[in-house]
Q: 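Attaching a single structure in structure tokens format; questions to follow.
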Amino acid sequence: MSAHLIDGKQLAKEIRDRLGLDVKAFETRTGVRPGLAVVLVGDDPASAVYVRNKKKACDTAGLSVVDHHVPSDTTQAGLLDLIHQLNTDAAVHGILVQLPLPSHIDSRVVLQAVSPDKDVDGFHPYNVGRLVEGAAEFVPCTPSGVIRMIESTGETIQGKHAVVVGRSNIVGKPVAMLLMHRHATVTICHSRTTDLPAVCRGADILVAAIGKPQFITGDMVKDGAIVIDVGINRLDDGRLVGDVHGEQVRARAGWLSPVPGGVGPMTIAMLLVNTLEGARRAVA
Ligand code: NDP
């Protein structure tokens, strides 16, 4: 058996194309162009690439995007001033603070300073709470992309056993919550899980968000499972690989998302969706 590939690049393009039309219609109706403010602190090369890709996608979809690139020695107070200014800027409907932030800045404090109405990443405690309630206003972009990818297979989620490996606030926990709200039976695994391979083998849907290259091997996957690889890892030889061993898992799984070209492009597409949502809310 060789898994069907879940083509995140193509799926993301379809979402962006549809969104481009929605943005145009929204602007015609309201006279408002949805706007995203991207805050990048310091010179982390990976963050710079992510920000560049996000800006490019915004431009293509007809959203306005303003880049706030501040030096790495910016103080927390200085960064909070910028966030407060963006919170009150009527042309800004979404604020994205690119993580990670330098160690002298408390990310939690900064993310809490973003207005929940402009919190397109869905990281503010208010939006986290709404997500847990099953009444999400802004769904975090990567988890939202993961769900769209699973749904794109046409397989039902309800009643399936979903295993999420990773319990971070930005990926693992929200993915698990979204799967539970779609009536999957969800197991969340982490570094202290006992006999992880056995737990993973029980999964009809397996989501890997670990940050360890090619960690999920073929023997950890049930025949026919849907496997979503969230991981992005750069190997010493420069290759980009996921948390899933693609070659081995392709031979077992029913569906597999590739890296690159899987969850990454979907994350960006969902950011655009959330920015339009922010603008809709601002004019409502
Ligand atoms: P974190 O480092 O915040 O979380 C990693 C999780 O994996 C933790 O819960 C950790 O467990 C768990 N873990 C680590 N080692 C093991 C192990 N040996 N067995 C089981 N679980 C383990 O990472 P993120 O959630 O932020 O990101 C995960 C991956 O997804 C990364 O590769 C990241 O680059 C990628 N990513 C991709 C995005 C995209 O757009 N495609 C967006 C965001 C992230 P514990 O809690 O016990 O420490």
Side-chain angles (χ1 to χ4, degrees), residues 6-9 11-12 15-16 38 40 44-57 96-101 103 107-108 111 120-123 128 131 138-150 162-179 186-203 206-217 219-221 227-235 239-246 256-274:
I6 305 176
D7 187 345
K9 209 165 157 188
L11 205 54
I15 293 169
R16 287 199 314 269
V38 180
L40 174 62
D44 176 54
S47 293
V49 172
Y50 293 143
V51 165
R52 206 165 47 237
N53 290 342
K54 286 167 183 173
K55 281 175 59 187
K56 207 163 96 189
L96 179 141
V97 181
Q98 184 64 45
L99 300 176
L101 292 172
S103 56
S107 310
R108 222 164 39 97
L111 296 177
V120 282
D121 259 336
F123 293 160
V128 174
L131 177 73
F138 286 113
V139 181
C141 302
T142 300
S144 179
V146 167
I147 297 297
R148 292 268 192 128
M149 294 174 91
I150 296 170
V163 172
V164 180
V165 189
R167 57 175 166 181
S168 72
N169 290 332
I170 63 170
V171 189
K173 283 182 202 162
V175 165
M177 207 53 67
L178 292 169
L179 286 164
V186 181
T187 303
I188 305 176
C189 300
H190 44 77
S191 63
R192 316 258 172 118
T193 296
T194 305
D195 200 355
L196 182 69
V199 180
C200 290
R201 272 194 296 276
L206 180 62
V207 179
I210 309 160
K212 292 209 152 75
Q214 303 178 317
F215 183 84
I216 302 288
T217 45
D219 60 314
M220 296 169 79
V221 175
V227 181
I228 305 292
D229 189 355
V230 182
I232 301 178
N233 309 286
R234 180 77 63 187
L235 297 182
R239 269 187 311 138
L240 208 59
V241 297
D243 290 345
V244 171
H245 195 298
L256 173 64
S257 73
V259 176
V263 177
M266 288 298 287
T267 296
I268 295 180
M270 301 324 291
L271 172 68
L272 307 186
V273 168
N274 281 355

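Counting starts at 1 for both ligands and their atoms, following the listed order. All values derive from a computational prediction rather than experimental measurement. Below, all heavy atoms of this structure are taken into account, side chains as well, without hydrogens, waters or symmetry copies.
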Q: For T267, counting its heavy atoms only, list the atoms of ligand 1 lying under 4.0 Å from any of them.
A: 39 (C), 40 (O)
Q: How long is the gap from CG on L40 to CG on L99, to the nearest 0.5 Å?
A: 10.5 Å
Q: State the SG-CE distance between C141 and M266, to the nearest 0.5 angstrom.
A: 11.0 Å
Q: Please confirm whether G172 approaches ligand 1 to less than 4.0 Å, judged on its heavy atoms.
A: no
Q: What are the two closest heavy atoms between P213 and L235, and how far apart are they?
A: CB-CD2, 3.8 Å
Q: Quick test of your reading of the structure: of P143, P174, P213, S168, whose heavy atom lies closest to atom 23 (O) of ligand 1?
A: S168
Q: Please list the nearest protein heavy atom to atom 18 (N) of ligand 1 with its residue and the distance rounded to 0.1 Å.
A: F215 CZ, 3.4 Å
Q: Of all the atoms in ligand 1, which lie at a distance below 4.0 Å from a heavy atom belonging to V263?
A: 41 (N)
Q: Does any N or O of ligand 1 fall below 3.5 Å from an N or O anywhere on R192, backbone included?
A: no
Q: Identify the protein heavy atom lying closest to atom 31 (C) of ligand 1, giving its residue, its atom name and the separation to 0.1 Å.
A: G211 CA, 3.6 Å
Q: Please state whether T193 comes within less than 4.0 angstrom of ligand 1, counting heavy atoms only.
A: no
Q: Look only at interatomic distance and state if I232 has a nitrogen or oxygen under 3.5 Å from any nitrogen or oxygen of ligand 1.
A: yes
Q: Where does V230 meet ligand 1, judged by heavy-atom distances below 4.0 Å: at the side chain, the backbone, both, or neither?
A: both
Q: Please report the closest heavy-atom contact between Q98 and Y50, naming both atoms and the distance.
A: NE2-CD1, 3.7 Å
Q: At their closest point, which heavy atom of C189 faces which heavy atom of T193, and how far apart are they?
A: CA-OG1, 3.3 Å
Q: At their closest point, which heavy atom of R167 faces which heavy atom of K173, and how far apart are they?
A: O-CE, 3.2 Å
Q: Whether the side chain of D229 engages the backbone of P258 through a donor-acceptor N/O pair (distance < 3.5 Å, no angle test) should be reported.
A: no
Q: Atom CG in N169, atom CG in L111: separation rounded to 0.5 Å?
A: 10.0 Å
Q: Out of I147, T142, I15, which one pairs with M270 under the side-chain contact (heavy atoms from CB on, under 4.5 Å) rule?
A: I15
Q: If you measure from CG on L96 to NZ on K54, what distance do you get to the nearest 0.5 Å?
A: 4.5 Å
Q: If you count the atoms of ligand 1 from 1 in the order shown, which ones are under 4.0 Å from a heavy atom of K212?
A: 14 (C), 15 (N)
Q: What protein heavy atom sits nearest atom 42 (C) of ligand 1, and how far away is it?
A: T142 OG1, 3.3 Å
Q: Looking only at heavy atoms, is any part of I170 under 4.0 Å from ligand 1, and if so is it the side chain, the backbone, or both, or is it neither?
A: side chain
Q: Please write down residue, atom name and distance for the protein heavy atom closest to atom 46 (O) of ligand 1.
A: R167 NE, 2.7 Å
Q: What's the shortest distance from atom 13 (N) of ligand 1 to any protein heavy atom, and which residue and atom give it?
A: I210 CG2, 3.6 Å
Q: So which of P140, G8, S191 gets nearest to atom 11 (O) of ligand 1, if we judge by its closest heavy atom?
A: S191
Q: Suppose I only count heavy atoms of G166 and a 4.0 Å limit; which atoms of ligand 1 are within that range?
A: 6 (C), 7 (O), 9 (O)
Q: For ligand 1, is A209 a contact, meaning one of its heavy atoms is under 4.0 Å away?
A: yes
Q: Which atoms of ligand 1 are found less than 4.0 Å from any heavy atom of N233?
A: 32 (O)
Q: Only heavy atoms count here, so choose which of V171, V241, V175 is nearest to atom 44 (C) of ligand 1.
A: V171
Q: Main chain of G242, side chain of N233: is a donor-acceptor contact present, judged purely on distance under 3.5 Å?
A: yes
Q: For I188 versus G166, what's the shortest heavy-atom pair and its separation?
A: CG2-O, 3.9 Å
Q: List the atom of R201, the atom of V221, and the distance in Å for their closest heavy-atom pair.
A: CG-N, 4.1 Å
Q: Students should be able to answer this: which protein heavy-atom is nearest to atom 21 (N) of ligand 1, and at what distance?
A: H190 C, 3.1 Å
